[in-house]
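Report on the following structure.
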Amino acid sequence: MARMDAVSKQTAAKIEKLAESVMRSVKGGKNPFVEIPIRSLANVHFDARKGIVQLGKQRQKRYFFNVAMAKKFMQTFLVSDACKELVESGKTTSIRDLYYITKHTIGDTRQNTFEEQDESDPIIEDLEVALDALREELHLFASRKGSMVGPITIRDTGDTIDLRRMGSGGWAVPSIVEENVIQFVRHEARYILLIEKDAVWTRFNEDKFWKRERCIILQGGGQPPRGVRRLVQRLHHELELPVYVLVDNDPWGFYIYSVMKQGSINLAYESMRMAVPQARFVGLSSFDKDKYKLPANVAIKMDDGDVSRAKQMLAYPWFKDARWQREIQEMVRSGMKFELEALSRRGISFITEEYLPRKLKEKDWLA
Amino acid sequence: MAKKGKVTVAAAKGKGKAMARPAKQLELVPAEPQARPARGNAAAKKVEARGRAVPAQLAAVGPSAAGPAQRSAGAKAGPTALGERTLEAPDAGAPAAAGPEARAPRRRATAEQMAQKQREISISEFFTKNRHLLGFDNPSKALLTTIKEAVDNSLDACEEAGILPEITIEVRDLAFEASKTQELTKGEGRFVVIVEDNGPGIVKAQVPKIFGKLLYGSKFHRLKQSRGQQGIGISAAAMYGQLTTGQPIRVVSRTGKGKPAHLFEIQIDTRKNNPVVTRDDALDDWHQEHGTRVELEIVANWQQGQRFVNRYVEHTALSNPHCTVHYLRPKQERLSFPRATEELPKEALEIRPHPHGVELGALMLMAAESKSHDVKGFLSTAFSRVSPAVADEILKAAAWKGRVRPRDLAEDRHLAETLHKAIQATRIMAPPTNCLSPIGDELMKKGLVSFLHVIESEGPESDGDQQLDLDSAGTKKKSRKEKEAEAKVAEVPDAPPEEGVEKIKGHNYFIATVTRPPRVYRGNPFQVEVGLAYGGSWPADKPIELFRFANRVPLLFQKSACGMTEAIVKTDWRNYLLSQPKGSLPVGPMALLVHIASVWVPFTSEAKEALAHYPEIIREIQLAAQECGRKLATHIRKKQHADYQAQRRSIFELYIEEVAQSLGKITGKSPAPIKREFLRVAEQVTETELEEQDKALKEASDKVARNPRRRDEDE
C-alpha cells in the first residue's frame, strides 16, 4: 500500500493546505488560526426530515497567539504532521499509538506536548472536522470492540470469512470497515440485531438464534464504537436489511439506541455515515415488566443521575414522538430500570426463545 | 465596688475540675430550690460546657454571682457557700459515688463530724492551688501573664484618663546580675518584672486593695470595653510572686505634678484575701509626673518564656498603634516601638446592660439593689433601651395582678421569672453600639505596617531559636518613615504600586483591613475587625499566621480552642485563591489579624486565652474575613495576571519551535524561516487581544466575587 490511493492523496493535500494557510497568515503578520466547527450540543441540530443529528455551522477559531489556545494549536499541528506521515506511508495506527508518536518533551522544560491521551483524542476529532476528513482517512482507528456472527460471508482485506463459522467468540469487528477493507460477498439474513451487551450476545450466539431466525447479530460492548455503527449502517443500506436494537431498559440503553438511530452529538459530523434512522427499538421497553411478568425484585432503583438523564432525554427533539415520551415517562414514573439479564429470571433462554420472537411477531417495537 | 460573680464562677469551675471524682454527690445539689435562681449571667452558659459537677457548685456560689451590694457580705457569703459545698464533697461524696454493691454502705461519718471539717476557703487560697486558671501554669507562661496583666491595666488606665500611653516593660534576671557571669539563667530562676506607665496614677488609699486583694477593681461591674474585666489579674500576679519568691509586690504611683509619689510594698494575706502593707514611703522625687510602676519578683523561665513575651510585645504594639512601648531585656539592648499615631482611640463608653442579655438570677440581684420604688422605674433606670413606654409594655406582658415592687422581685422567684419572660417577649431596641472603640481600618493598617517592619528585621522565627534578636529591629524601626520614603522613591519608575500594597524592606505586602459595623450578642454590643498582610516573606507553603486580639489584647494560647480560629477555619478561603485543607487554616503567605471589641468579651476561661464560640460572633468574624478575602482575591488575581503576562512570551517561544517543526515537515520546507516569522509576529501581537484577555479575566473574577462558594454555613 505504499502507493497512495486517491483518498489518501486528497487527505494529504488537505493537511498541507491547512499548514500553508497558517504560514500565509504568519507571513502577513497576522495571528494564525485553525478554524474548527464546534462539536457541542449548542452547535448540533436534529434534522427531522433525514432523521439524523447534524453538525451546525458554528465555527471556532483556534489562534496561536493566545495563551489559552497556543498549546492546542501546537498540538493540532503535531497530530497533523503525524497523520500526514501515516497517510503517506500507507500505515494505520491506533489513536493511543498516535498519542505516543506525538508525545515528547518540549525544549529543555519539563512540559510535554501531551500529558495524557485524553489531551490528544479531542485534537484528533478537531482535526477530523477541521479537515472534513474521516478518522479512517487519517489512517487512525479507535480501540476495537464489538463482535458479529450471522448467515453472511464477507471479505476482510482480501480474506474471505464465513460468519456462520465463527465459534463462540464471533468475528471481531475492526475499527475501519470501509468498502475498501470490508466487502459483503453473500448472505441469507433477514434482519440485523444489535445487542448492547457482550454477555447477552453470547447467549444469542450459543442458542444459535441467528441460525434459527436467519439474522446477523452484533454487539458493541455498551455504546457501540464507530466500526460497529458504520458496519450496521452499511449492512442496512447495501443489503437492505432492517435493524433492530436490543438494549437495557435504562436511560443509557435508550441513548445507545438513539445514537445508532440518529448519531451522537460528539460525532454529529459523521451521522450521515453512521446513523440508521429506521433502526427499531425492540426492548427492553418500560412496559415489558408487565407484559413479560418480570418480578419487581429484578428491577434496579434509578438513582438521581438516571432520573435527571431520563428527564433530559424527554427534551431531545428525536424523542418527541408520543410513544417515546410515554416510554421514558413510564420509566421515570416507576423509578425502576431493568437490565436485559433480568429476563433470565423467566428462564435462561427466555430472551432468545420467547421474548424476542414474540416481540418481532407482534411487531412490538418503537422506531 | 466589689466584683465577685465572674470570679466565683471561675472558682466553681476550678473546683469542678479539681474534684472530678466526687461529681456524683454534687449532682444532687441542683435540686435545692433556692439554688436555681442564682445561676449567674456569664456563668451559666460557660459552665454548661464544663461538665456536670459544675452547675451544682455554681448554684451554691450563686447568691454572690453578681452581687455588688454585698461587697463585704458577698465576699463572705459566696466563698462560704462554696467552701461548704466543696469541702463536704471530697469526704462524703466519694463513698456515695463509689459503691457498686447493692447493700446500704456503713455510715462513716455523721453530719456533725463532717461539719467540723467544713470551713471557709478564701478565694486567694483557692487560687494558690489553682493558679493555672489564671495563666500561671508554669514559670514561662507565668512570666508572660505577669507582664500582660500589668500592661493591660496600664493601657486601660491611660485610655480612660485620656493619656497617650508610654509603657516600659523590663525583665531582669537576678541570678545573672548577681553572678556577673555572662550567662543568663537557664530554665527556671528568679526574675524581676517591671512595668511602668505614664498613666493617671492611683490614689494612695486604693493601692493596697488593687494590688493586694483579689477581685478588687473597677471594671467588673460596668459594661465598658476594656482589657481587664474582673480585677483578678494583677493581684493574682502579685500572689504568684509572693508564692514563688516570698517577695511583696512593689508599687510606685503618683497622681500628678505637685503630689508626692508613694512607694508601697504589699503582701497578700491569702487566707483573708486582704492586703498587708509592709512598706509605705512617700518618695521625694520620682521621674514620672504621673504614672504607676509595678515591680514583681517571680520565679520564671526566661529561656523558654521570652518567645511569648516578645510575641506579646510585638502584638501589643500592633493592636495599640497609639502606644509607645519600651522593652528592656537582660543582656539585650533596649527595644522601642514608637507610636504610629498621636491620636487616642475613641473613648469607650460605659453602658447599662441590655435587658435581653440579662439572666434570671442577675435580674433578681439587680432588683434587690434597685433604689426605685416600682418595677417600671427599676427597669428604665437599670437597663439600656428601656424607656418608660417600653417598661409599660414589659409590665403589660408580665400581667401581674396587684402592685409589685422591685424588692418583691428579689424575693419571689416566680415573680421574677414572669418578668424575665415578659422582657424576652418584648421587642426592645438593640443596645447602643457607640460605646465600642475598634482599632479602625487605618490604624490597623498602620499597625500592620510597623509590625511587619519588625518582623522583616527580625527574620524568620524558628522554634529552636532561643535568642530572638529584636534589637536590630529597634534601630531600624526608628528610621521607618525614611525607609518608606525611600521605598516610594524607588518605585516611581515602575508602574504605580497597586493600592494596598506596601513595600517593606524590599518585600511587597498586600494589606487589607475590614472593620465591621457593631453587632450584638446576648445583649452585649461587639465589633469585629479583620486585617491581613499577604505576600512578602511569609512562607507560602505553611498555614497562615493567625493573630487573635480581644479588646486589643493579644491572645497567644489555646489557638485551636478559640472561636476566632473556628470562624477562620470555617471560612472557605479557596474562594479567595488560597488553598485550604479541610477543617484547617488556609495555607499561604499571609498573616491574619482578628480583633473583637466588646463591652464583655466572652472568654472560655479566666485566663482569657480563647474566645467562646458564639454563633453571632463567629458569623461576624466570617463576614469580615470574607470581605478581606475578596480584597485579597482581587490582589492575587492581579498578581497572577501579571505573572501570566510575563509567562506569555516564553510560552509562545516554547511552542513556536514545535509548530515550526511540524509545519516544516508537513509542507516540506525548512523550519528555520517559519520560526523566524512566528517570532516576528509574537513581537507584535496586537494590544487589543491582550485587552480582551484582561477583560475576560476581570469578568471571571467579578463572577467569583458575586457568587462566592460557601462552606456549609454552620454545621
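Residue numbers begin at 1 in each chain, while the letters A, B, ... track the order of the sequences. Note that these values count all heavy atoms, side chains included, but never hydrogens, waters or copies made by symmetry.
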task = Check the pair A:R230 / A:E270 against salt bridge (Lys or Arg N to Asp or Glu O under 4.0 Å), numbers first and verdict last.
result = CA-CA 9 Å; A:R230 173 69 179 144; A:E270 291 209 292; over 6 Å; no

request  = May I have the step-by-step check of salt bridge (Lys or Arg N to Asp or Glu O under 4.0 Å) for A:R273 and A:E137, ending in yes or no?
outcome  = CA-CA 13 Å; A:R273 302 172 57 249; A:E137 294 170 1; over 6 Å; no

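- With a 4.5 angstrom heavy-atom cutoff, B:E657 does not touch chain A via any of its atoms.
- Note: B:I666 leads B:I666, B:I656, B:T667 in heavy-atom pairs under 4.5 Å with chain A.
- Between the side chain of A:K91 and the main chain of A:E85, no donor-acceptor pair closer than 3.5 Å is present.
- Between chain B and the residues A:T76, A:D81, A:V22, the largest count of heavy-atom pairs under 4.5 Å involves A:D81.
- Ranked by non-hydrogen atom pairs under 4.5 Å with chain B, the options A:E20, A:E16, A:K71 are led by A:K71.
- For A:K84, the part lying near chain B is the side chain, with the backbone staying farther off; criterion is any non-hydrogen pair under 4.5 Å.
- In this structure, the side chain to side chain donor-acceptor pair (under 3.5 Å) partners of A:N112, at least two apart in sequence or on a different chain, are A:T105, A:E115.
- Between B:I621 and B:T571 the shortest side-chain heavy-atom distance does not fall below 4.5 Å.
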